[in-house]
Student: 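I'd like to ask some things about the structure below.
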Amino acid sequence: MYDKPNRCEQADGEAFHQVTDGVYAGRADRDAALDRGWLLGHFKEPGDPRHCADLEIKWGVHPKGEGRAAWAVGEVRTALLVLISGRFRLEFPGRDIVLEEQGDYVMWGKGVDHSWYAEEDAVVLTVRWPSVPGYRVEPHGTGQEAAALTRPDLG
């Protein structure tokens, strides 16, 4: 009836990628580690089936205490962030939202400034649209901070 499905792992434990008949298979945790968490977006090489100008998908693995180094301001994208595991805080002008249980999510739209902080080791799935260049900021706590944290509503 059906062939046994292919596993997305080689014998040595490394992720593999298979593109057959328009189907791409991989491992989110392993693929994401190769590109700061990103699985799909404008930043993937043209010709890579994960290159997309319309959408970005990130498998974010964040150690406790890691946070965004600078607020995202003047946002032109819409985003959905889903908690897979851990505890994760989204910061918005005037309020914070803490995701505590698997499946908790928050969505925000264009013009909504934001930042984030991992209150515990956390894994989150982020979907943003459209895929727009110019938002890369090293996470706070990595030793590679690009800017001081400044919350727009606190000056």
Student: Do the side chains of R77 and R128 get nearer than 4.5 Å, heavy atoms only?
Tutor: yes
Student: In terms of hydrophobic clustering (I, L, V, M, F, W, Y; side-chain heavy atoms under 4.5 Å; direct or indirect links), are L40 and V82 co-clustered?
Tutor: yes
Student: Where is the tightest heavy-atom contact between K44 and D35, given as atom of each residue plus distance?
Tutor: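 That closest heavy-atom pairing would be NZ-OD2, 2.9 Å.
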Student: Going by side-chain hydrogen bond (donor to acceptor under 3.5 Å, both in side chains), name the residues that satisfy it together with W108, two or more places apart in sequence or in a different chain.
Tutor: H114
Student: Counting only heavy atoms from other residues, nucleotides and ligands, does the tally under 6.0 Å from CH2 of W59 exceed 12?
Tutor: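 No, not enclosed.
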Student: Drop me the distance from R87's CZ to K64's NZ, to the nearest 0.5 angstrom.
Tutor: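 Answer rounded to 0.5 Å: 10.5 Å.
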Student: So how far is it from D104 CG to I97 CD1, rounded to the nearest 0.5 Å?
Tutor: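 Atom-to-atom, D104:CG and I97:CD1 are 10.5 Å apart.
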Student: Any idea which heavy atoms bring M107 and L80 closest together, and the distance?
Tutor: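 Nearest heavy atoms, M107 then L80: CB-CD1, 4.1 Å.
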Student: Got a second to check how far S115's OG is from L90's CG, nearest 0.5 Å?
Tutor: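 Answer rounded to 0.5 Å: 9.0 Å.
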Student: Any idea which heavy atoms bring F88 and A118 closest together, and the distance?
Tutor: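 Taking F88 first and A118 second, the nearest heavy atoms are CD1-CA, 4.0 Å.
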Student: Run L125 and I57 through side-chain contact (heavy atoms from CB on, under 4.5 Å) and show every step you take.
Tutor: CA-CA 7 Å; L125 180 71; I57 299 177; 3.7 Å; yes
Student: When rounded to the nearest 0.5 angstrom, what is the spacing between NZ in K58 and CG in L81?
Tutor: 9.5 Å
Student: For residues D113 and G74, report the shortest heavy-atom separation together with the two atoms involved.
Tutor: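 Looking at all heavy atoms of both residues, the shortest contact is OD1-N, 3.0 Å.
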Student: Report whether V61 and F43 are members of the same hydrophobic cluster (ILVMFWY, side-chain heavy atoms less than 4.5 Å apart, transitive linking).
Tutor: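 No, separate clusters.
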Student: Are the side chain of E56 and the backbone N or O of V132 linked by a donor-acceptor pair below 3.5 Å?
Tutor: yes
Student: Do D121 side-chain atoms and G86 backbone N/O form a donor-acceptor pair below 3.5 Å?
Tutor: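 The answer is no, because no donor-acceptor pair under 3.5 Å joins these two groups.
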Student: Going from CH2 on W38 to OG on S131, what distance comes out if it is rounded to the nearest 0.5 angstrom?
Tutor: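 Atom-to-atom, W38:CH2 and S131:OG are 8.0 Å apart.
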Student: In chain order, what residues pass the ring-ring contact (aromatic ring centres under 6.0 Å, His included) check against Y105, with sequence neighbours excluded?
Tutor: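 Once residues adjacent in sequence are excluded, Y105 has no partner under the ring-ring contact (aromatic ring centres under 6.0 Å, His included) criterion.
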Student: Are the side chain of R27 and the backbone N or O of D29 linked by a donor-acceptor pair below 3.5 Å?
Tutor: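 Not a single qualifying donor-acceptor pair exists.
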Student: Report yes if the side chains of L83 and E101 come closer than 4.5 Å at any heavy-atom pair, otherwise no.
Tutor: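 They are not in side-chain contact.
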Student: Which pair of heavy atoms, one from D96 and one from F92, lies closest together, and at what distance?
Tutor: OD1-N, 4.0 Å
Student: Linking I/L/V/M/F/W/Y whenever any side-chain heavy atoms sit under 4.5 Å apart, do V106 and V127 land together?
Tutor: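 No: no chain of side-chain contacts under 4.5 Å links V106 to V127.
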Student: Angle class for the W116/H62 ring planes (parallel below 30°, perpendicular above 60°, tilted otherwise)?
Tutor: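 Tilted, since the angle between the ring planes falls between 30° and 60°.
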Student: Nearest 0.5 Å, what's the CG-CZ distance between L55 and R50?
Tutor: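 Going from CG on L55 over to CZ on R50, the span is 13.5 Å.
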Student: Set out, in order, the CA-CA distance, both residues' side-chain angles and the distance that settles salt bridge (charged side-chain N to carboxylate O under 4.0 Å, His left out) for E119 and R89, then state yes or no.
Tutor: CA-CA 7 Å; E119 294 191 350; R89 182 176 71 232; 2.8 Å; yes
Student: Using every non-hydrogen atom in the two residues, find where P49 and Y24 come nearest and quote the distance to one decimal.
Tutor: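 It is CG-CD1, 3.3 Å.
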Student: Is there a donor-acceptor pair closer than 3.5 Å between any side-chain N or O of D48 and the backbone N or O of E45?
Tutor: no
